[in-house]
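Remarks on the structure that follows.
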2 protein chains.
Amino acid sequence: MAAAIAIADAEGLGAVSIRRVATELGARAMTLYSYIERKEDLLDLMADEVAAEVLVDEPLPEDWRAAILTIARREREVVRRHPWRVDLVAQRVSVGPNGLRHVEQSLAALDGLEVDQLTKWRILATVDDYSLGYIIRESLERAAPRTMGVNDAERAAIAEPYMRELVASGAFPRLAPLIEGGVAGADDTYERGLNWLLDGIEGDLPGR
Amino acid sequence: MAAAIAIADAEGLGAVSIRRVATELGARAMTLYSYIERKEDLLDLMADEVAAEVLVDEPLPEDWRAAILTIARREREVVRRHPWRVDLVAQRVSVGPNGLRHVEQSLAALDGLEVDQLTKWRILATVDDYSLGYIIRESLERAAPRTMGVNDAERAAIAEPYMRELVASGAFPRLAPLIEGGVAGADDTYERGLNWLLDGIEGDLPGR
DNA sequence: AAGCGAGCCGATACACCGTACGAATAATGT
DNA sequence: ACATTATTCGTACGGTGTATCGGCTCGCTT
C-alpha cells in the first residue's frame with residue numbers, strides 16, 4: 001500500500017499497476033494477490049489510507065462554521081499532497097474506516113446545531129459536494145499543463161489560435177472578454193464559495 | 001462518435017475501446033486512427049457531443065435564479081441519460097464548442113446582475129462545482145449496486161456485518177443512528193443545496 | 001484521358017495490462 | 001520430524017492503445 005501510494009504521488013495513479021508495485025517491492029506480480037483479491041482492493045486501501053490525513057486533530061473549533069471550514073480546508077490540502085485522490089473519490093464510494101471517521105468528525109462539527117440528524121447529514125453532504133466539485137476542477141486545471149506533453153509552449157501554440165478563433169467568431173460575446181483578460185483572479189474562490197454556501201445554510205436554520 | 005456513445009450508454013465507458021468501436025462500425029481497429037489521433041480525442045468528442053444536450057433551449061427565465069436552476073437541472077438530467085459523462089468531466093477539462101456554449105449561456109443567465117464579469121464567473125464556477133460534486137456522488141450511489149456483482153444480495157451480505165460491527169464498536173456515536181435508520185430521505189437534496197448556495201450568493205450581492 | 005497524390009483501410013506487431021492456474025517453496029503448528 | 005498451511009512465482013490468456021507499413025480508392029490536375 002505504501003509502495004503504491006509512493007508511486008501514485010510521484011507518477012500519478014496511472015503508473016500504479018500490479019506489476020509495477022510488485023517490482024517496487026522486489027517481488028513478482030502475482031505475489032500481491034496473496035494479500036488482495038483484486039486491484040480494486042488496493043485502490044480502496046490507498047483511498048482509505050490518505051483519508052486518514054483528512055482527519056483534523058482535535059479539538060475542533062466550537063463555532064460550527066469555523067469547524068466545517070477547518071475540515072473543508074483540510075480536504076483540499078490532502079488532495080494537494082495526493083492529487084490522485086480525486087480520481088479515487090470520483091469513482092468509488094469511500095466507506096473505509098477512515099472515511100467513516102471523517103463523516104463522524106464532520107457530524108461532530110455540527111453538534112452545536114439544533115436541527116435533526118437528517119438535516120445535519122444534508123448539510124454535510126452539500127458542503128462535501130461543493131468541496132469535491134471545486135477540488136476536482138482545481139485539480140484538473142493544475143494537472144492539465146503537466147498532462148499535455150512536456151512543454152507548455154506546445155499546448156499554448158495549439159490553444160491560442162483556437163481561442164483567437166472563438167473570440168473572433170463573435171459567438172461568445174460574454175465569454176470572450178474573460179478569455180482575453182484571463183480568468184486567473186485571486187485564489188480565494190474556494191473560500192468564497194464555501195462562505196456563500198454556509199451563509200445560505202445559516203439563513204435557513206430555525207430560530208432566525 | 002455516435003457508435004462510441006451508444007456503447008457507453010449501453011455498457012458504460014469501460015466498454016468503449018478502439019477495437020470495440022471499430023467492430024461496431026464494421027471496420028478494423030486502426031481504421032479509426034484516420035479520424036482521431038488518440039483515444040483521448042474520441043473521448044473529448046463524446047464529451048462535447050453530450051455537452052450539447054446541456055444547452056437549454058432559449059429563452060431562459062428572466063430571473064437569474066430561475067435561469068441558473070434551469071441550467072443546473074438540465075445538467076443533472078443529461079448525466080442521468082449518459083452516466084459516463086461524470087467520468088469524463090471529472091478527468092478532462094471540457095473546452096469543446098458545446099462546453100463553451102454552455103458557459104456562454106450560463107453567463108447570459110446572469111445578464112441582469114449588476115456585478116463585474118469576474119464575479120459572474122465566480123458565481124458560475126461555484127454553482128457548477130456544487131453541481132458536479134453532487135452529481136458525482138449521486139451517480140456513484142446509483143452505480144454502486146450495479147457495479148458490485150449481479151446480485152444486490154451478495155453485496156448486502158458483505159456490507160451488513162461490516163456496518164453491524166461499526167455500530168457495535170461505539171466509535172461512531174453520531175453516524176450509527178444514521179446507518180441504522182437509513183439515510184435515504186427525500187430526493188430534494190440537490191435542489192436544497194442549490195437554493196442554499198443561491199441564497200448565500202444573493203445575500204452577498206451589492207445593494208442589499 | 002492519364003497520372004498522381006492524398007486520404008482511407010487493414011494486417012501485423014509491440015509493450016503493457018489484470019489475473020486464472022498450478023507448481024514450487026517457505027512458514028507454521030503438532 | 002512431519003503435515004499443513006501460507007506465500008511466492010512462472011507461465012499463459014485475453015484484453016488494451018497504438019506504431020509501422022503496405023495496398024487501395026478516389027478526385028484533381030495536367
Side-chain angles (χ1 to χ4, degrees), chain A residues 1-49 83-84 87-88 90-93 96 143-144 146-151 154-155 158, chain B residues 1-49 83-84 86-88 90-94 96 143-144 146-151 154-155 158:
Chain A
M1 209 174 70
I5 290 178
I7 295 172
D9 282 344
E11 305 173 44
L13 199 60
V16 177
S17 77
I18 296 290
R19 283 173 174 83
R20 175 68 195 281
V21 174
T23 302
E24 216 77 24
L25 259 38
R28 245 45 68 189
M30 292 311 291
T31 300
L32 301 199
Y33 283 86
S34 298
Y35 307 90
I36 57 173
E37 235 168 13
R38 275 185 246 89
K39 190 193 178 183
E40 275 199 352
D41 299 344
L42 176 59
L43 297 180
D44 284 337
L45 288 171
M46 292 170 67
D48 203 60
E49 181 70 10
W84 44 273
D87 298 304
L88 292 185
Q91 260 158 18
R92 63 216 321 106
V93 278
R146 259 182 293 123
T147 314
M148 324 275 202
V150 188
N151 47 348
E154 185 184 342
R155 197 63 194 179
I158 300 176
Chain B
M1 208 174 69
I5 290 178
I7 295 172
D9 282 343
E11 305 171 44
L13 199 61
V16 177
S17 79
I18 296 289
R19 283 172 175 84
R20 175 68 195 282
V21 174
T23 302
E24 215 76 24
L25 259 39
R28 246 44 66 188
M30 291 314 291
T31 300
L32 300 201
Y33 283 86
S34 298
Y35 307 90
I36 58 173
E37 233 168 16
R38 275 187 243 88
K39 189 192 179 184
E40 275 200 352
D41 299 345
L42 177 59
L43 297 180
D44 284 338
L45 289 170
M46 292 170 68
D48 202 61
E49 180 71 10
W84 45 272
V86 297
D87 298 305
L88 292 185
Q91 259 158 16
R92 63 214 324 105
V93 278
S94 42
R146 259 183 292 122
T147 314
M148 323 276 202
V150 188
N151 47 349
E154 185 184 342
R155 196 64 194 180
I158 300 176

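Just so it is clear: chains get the letters A, B, ... in the order the sequence lines come, proteins before strands, and each one is counted from 1.
- Annotation for B:Met46 and B:Ala8: closest pair CE-CB, 3.9 Å, computed over non-hydrogen atoms.
- Of the candidate nucleotides D:dT18, D:dT8, D:dC9, D:dT18 has the atom nearest to the side chain of B:Ala29.
- Each of A:Ala15 and A:Glu37 lies near DNA chain C, and the nucleotide nearest A:Ala15 is the one positioned closer to the 5' end.
- In this structure, A:Leu43 places its CG atom 12 Å from C1' of C:dG18, rounding to the nearest Å.
- With rounding to whole Å, B:Ile36 atom CD1 is found 17 Å from C:dG7 atom P.
- Residue B:Thr31 has no polar side-chain atom (N or O) positioned under 4.0 Å from OP1 or OP2 of C:dC8.
- When side chains are defined from C-beta on, B:Asp44 does not count as touching B:Leu88, because their heavy atoms never get closer than 4.5 Å.
- Looking at the side chain of B:Tyr33, the nearest of the listed nucleotides D:dC9, D:dG17, C:dG18 is D:dG17.
- Between A:Tyr35 atom OH and D:dA6 atom P there is a gap of 12 Å when expressed in whole angstrom units.
- Here D:dA6 presents its P atom at 19 Å from CG of A:Leu32, a figure rounded to the nearest Å.
- The CZ atom of B:Arg28 sits 17 Å away from the C1' atom of D:dT18 (whole-angstrom rounding).
- A:Gln91 is not listed as a side-chain neighbour of A:Glu40, based on a closest heavy-atom distance of 4.5 Å or more.
- A donor-acceptor contact under 3.5 Å is formed by the side chain of A:Arg19 with the base of C:dT19.
- Rounded to an integer number of Å, the gap from CE of A:Met30 to C1' of C:dA20 is 7 Å.
- To the nearest angstrom, C1' of C:dC16 lies 13 Å from CD1 of A:Ile18.
- The distance between atom CG of A:Leu13 and atom P of C:dC17, rounded to the nearest whole Å, is 13 Å.
- In this structure, CD1 in B:Ile36 is found 5.0 Å from CG in B:Leu42, a value given to the nearest 0.5 Å.
- In this structure, of C:dC9, D:dG17, D:dT7, it is D:dT7 that holds the atom nearest to the side chain of A:Ser34.
- Considering only heavy atoms from C-beta on, A:Asp9 comes within 4.5 Å of A:Trp84 through its side chain.
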